Amino acid sequence: MSCISHPSQLSGQKISSINISSIINNNHNNNNLKTPNQITPSPFKCHLLQYPSLSFTSQASHLLQIHHNPLQLHQNPLSKTTIIRPIKPISLRPAQTSLSHHSPKPSESTPTQSPQQAQVHLVQPHQAQALCSLPQRHKRSPYSLNPHLQDLKLFSHKLNACEASETALSAALEELPHPPTRENALLILNSLRTWEKTHLFFNWLKTQNLFPLDTIFYNVTLKSLRNGRQYQLVDDLVSEMIEQGIDLDNVTYSTIITCAKRCNLYDKAVEWFERMYKTGVLPDEVTYSAILDVYARLGKVGEVVSLYERARAGGWRPDPIAFAVLAKMFGEAGDYDGIQYVLQEMKSLGVEPNMVVYNTLLEAMGKAGKPGLARSLFEEMIEVGLSPNEKTLTALVKIYGKARWGKDALELWERMRSNKWPMDFILYNTLLSMCADLGLEKEAEKLFDDMKGSARCRPDSWSYTAMLNIYGSGGKVDKAMGLFEEMMRCGVKLNVMGCTCLIQCLGRAKQIDDVVRVFGVSMEKGVKPDDRLCCCLLSVLTFCEEDEIDKVLGCLEKANPKLVEFVKLLGKKEVSFDMVKENFRGILNDSVIEARRPFCNCLIDVCRSQNLYERAHELLYLGTLYSLYPGLHSKNDREWSLNVRSLSVGAAQTAFHEWMRTLSKAVERQEALPKLFSVHAGAGTHKFSQGLASSVALQLEKLSAPFQPNQEQPGCFIATREDVISWVQTRVPSTANLSTEDDGYQKANVATRKQENLETITAFVKPNSLCNILVCIITNMEGGRFGLVETKSFTVGPSNSVPDGSFFNLTAENIVTLLMASSQSPAQV
DNA sequence: TTAGGGTTAG
């Protein structure tokens, strides 16, 4: 199997720059660990600049200030803060004592320090390492020393098995084998599996009044309730602690914060974090990671960085979990600098990444579009002796698939088999998706068969969808339909993506009756049509014979009636451009962002398939207007180019036609032209998506356009200034010898935007017909690009002023005025 | 696994 796109250009030097372990080792070897405030100051600045508005808008800002300046905490009038229980003097954690058993290095904690002294040090980061005594866990009860361990465990099993009701539990508790001492009760409380049981047992303990239920009992119960995602009960229980004067510690706070987080109640999580500060409990490493993750999930990158920085300045030494949180956040944001920053920080602090950190970093590298760095990170992970798990491999397979790195993907797969690395069904499905990305049909079939033969990883709807994608994209319509029938037989649920892949394949094969049948069955089976499916149905319209169109529109009607209405409207001659614009805007507003460009592409294709060239041009204009095609045109002194890579075949043809018009006008006006012109259709790295470049090539040939394939860049066509000029001149007058498309173009309406936006205006007249006057306007888009040429049929109307912003009908006077204003000769008019 | 934090799928 040949490598489809191997990034041999990736320099080893770059890769080695992220070699964490080697850097860490160097640091150790050189005895060269930096103090926190010597550490990589620039990435911070970079992030602070990147997120300029990162000041805390909530109370947390104020509270964090307190953290920095503890004196202020004491001066701060208590009445101004919501006191939920008497404020405790801030002190280092009790863990101090256990630290003393720890033979601290000279740089570590000095337990004799008073809390006040310690707090003053918080504002001096370079000395703050002395305060890194927080990550000491409480001593856990030595359960194994409990003489009744076995009995009590057996009894817990009974409780777990009994009905979850107060009476059933009370009855079961009659048979308690040993007196419910504090230790015995805690052991049982910890052994109960469901939150209902834990809650019932906890309440039973309260009614027994055997001993005071302290923070630990509450914390254990809270954890169990959190597992059941019972935020309200957690909240109630914590309020109860406050009322009863039972101390809330870091465990309590981190449990309630993560409970709120798991219930997606991020605001509550932040609220509890703030309350924690108000009551004088300082977060420790666990609470920091928990709250950083909350801010990260809220997408508040600035807050995370700021809190991280403050916590670091306060002496906190982040651990692998904190770095996993940061790495995930930067990955989600596709922020490569952020990922580098995490790596730098780990390096500076000498924190060795564990498996989860590696997995998170791999995932992040993938999201930031750095497959080469992901690959070297993976190799580094293997080198340091970590064995990849299912998640590691899933991340990497996904990255190679998306990057179309066939060689790496297949090599990895081979290693997975020879090393017997662990597989699960998600990894299987990801491998199948990778095969779909790379067009590896045979390999996918092998995997799919493996899954069918395995006990643990039977193919599910994801697996079938991936196979439908492979067969669908490869045009294997019979195999795809066979899979569909198999799914129906085996009761595998068809999902919307599978349905879309299949319908697309059937449409291309012009099996319109099957399209209708599959769509009908899918709806019956509960598939909820989404924008992509609608888009797919639209594209099926382009493959329809005249008598089949209504069948497909019938399907689309069930999924998106507004879209059907719009398609019908496009075909009506009397419908004005303004109406198209208005309705199209409505369609776009109702659709998800990712589907907007495909919608526009498909609608242009539909118009062209029905010879509605005028509408196609209008839609392309609107698509540009609504920023669906950024970077379509670019222009500098040396080169003008047209980039149609994100366009459908029909949209690309429309755009090319428009562009040719622009070039013709530029030649006619004897404008300064660049040396080079280029059209980019893309290399089509996807095995199944190489149609665009060939269709562009065909169009160029048909028009005898002087663009030649660029040998150095597949999918790119170039022409010299001289060739373009001579070609254009053979086509002069540009209004003569009209092709069908030119006719459509000629009939198109004249439109313009307000005058300041106009970069170039040109007009020409088709003899003997006022209605055929065309005004071509190039809008001056942001970023130095010029938008496409717009035309609108010219009607003589009463208006003689240029309205602001929107489209309007031009009078002859308008045109002359516009041409004068833009220093163009009105002679042609 | 024994009071608290982090990672896998169009």
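In this text the structure is predicted, and so the values were computed from the model without any measurement. Proteins come first, then strands; the chains are lettered A, B, ... in the order of their sequence lines, and each starts at number 1.
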Presence of salt bridge, [Y] and [X], under 4.0 angstrom:
X        : Y        : result
A/Lys479 : A/Glu445 : yes
A/Lys476 : A/Glu441 : yes
A/Lys452 : A/Glu486 : yes
A/Glu379 : A/Arg415 : yes

Length of the [atom1]-[atom2] vector between [X] and [N], whole Å:
X        : N      : atom1 : atom2 : result
A/Phe273 : B/dG5  : CZ    : P     : 16 Å
A/Ile399 : B/dG10 : CD1   : C1'   : 16 Å
A/Lys391 : B/dG6  : NZ    : P     : 11 Å
A/Asn469 : B/dA9  : CG    : C1'   : 13 Å
A/Ile257 : B/dG6  : CD1   : C1'   : 15 Å
A/Asn190 : B/dA3  : CG    : C1'   : 7 Å
A/Met355 : B/dG6  : CE    : P     : 17 Å
A/Lys493 : B/dG10 : NZ    : C1'   : 16 Å

Output yes when at least one side-chain N/O atom of [X] is less than 4.0 Å from OP1 or OP2 of [N], else no.
X        : N     : answer
A/Lys261 : B/dG5 : no
A/Arg262 : B/dG4 : no
A/Lys328 : B/dT7 : yes
A/Arg182 : B/dA3 : no

With respect to the side chain of [X], which nucleotide from [options] is positioned closest?
X        : options              : value
A/Arg297 : B/dG5, B/dA9, B/dG6  : B/dG6
A/Asn359 : B/dG6, B/dT7, B/dT2  : B/dT7
A/Ala324 : B/dA3, B/dT8, B/dG6  : B/dG6
A/Trp462 : B/dG4, B/dG6, B/dG10 : B/dG10
A/Ile216 : B/dG5, B/dA3, B/dT7  : B/dA3

Donor/acceptor link under 3.5 angstrom from [X] side chain onto base of [N]:
X        : N     : answer
A/Lys223 : B/dT2 : no
A/Asp319 : B/dG5 : yes
A/Asp284 : B/dG4 : yes
A/Thr287 : B/dG4 : yes
A/Thr255 : B/dG4 : no
A/Asn389 : B/dT8 : no
A/Thr360 : B/dT7 : no

Identify whether any heavy atom of [X] sits under 4.0 Å from a base atom; if not, whether one sits that close to sugar-phosphate; answer base, sugar-phosphate or nothing.
X        : result
A/Asp293 : sugar-phosphate
A/Arg532 : nothing
A/Phe425 : base

**Rounded distance in Å between the P positions of B/dG6 and B/dT2** =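 Result for the P pair: 15 Å, nearest Å.
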
**Prompt:** Expressed as a whole number of Å, how far does the P atom of B/dG5 sit from that of B/dT1?
**Reply:** 13 Å

**Request:** Decide, applying a 5.5 Å centre-distance limit and a 30° plane-angle limit (both strict), whether A/Tyr288 stacks on B/dG5.
**Result:**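 No, aromatic ring not over the base.
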
**Prompt:** Hey, mind stepping through A/Asp531 and A/Ser591 against side chain to side chain donor-acceptor pair (under 3.5 Å) and telling me if it holds?
**Reply:** CA-CA 6 Å; A/Asp531 290 336; A/Ser591 58; 4.6 Å; no

**Item:** Passing candidate, side-chain contact (heavy atoms from CB on, under 4.5 Å) with A/Val342, options A/Gln344, A/Glu345, A/Met346
**Value:** A/Met346

**Request:** Check the side chains of A/Thr465 and A/Asn495 for a donor-acceptor pair under 3.5 angstrom, ignoring hydrogens and angles.
**Result:** yes

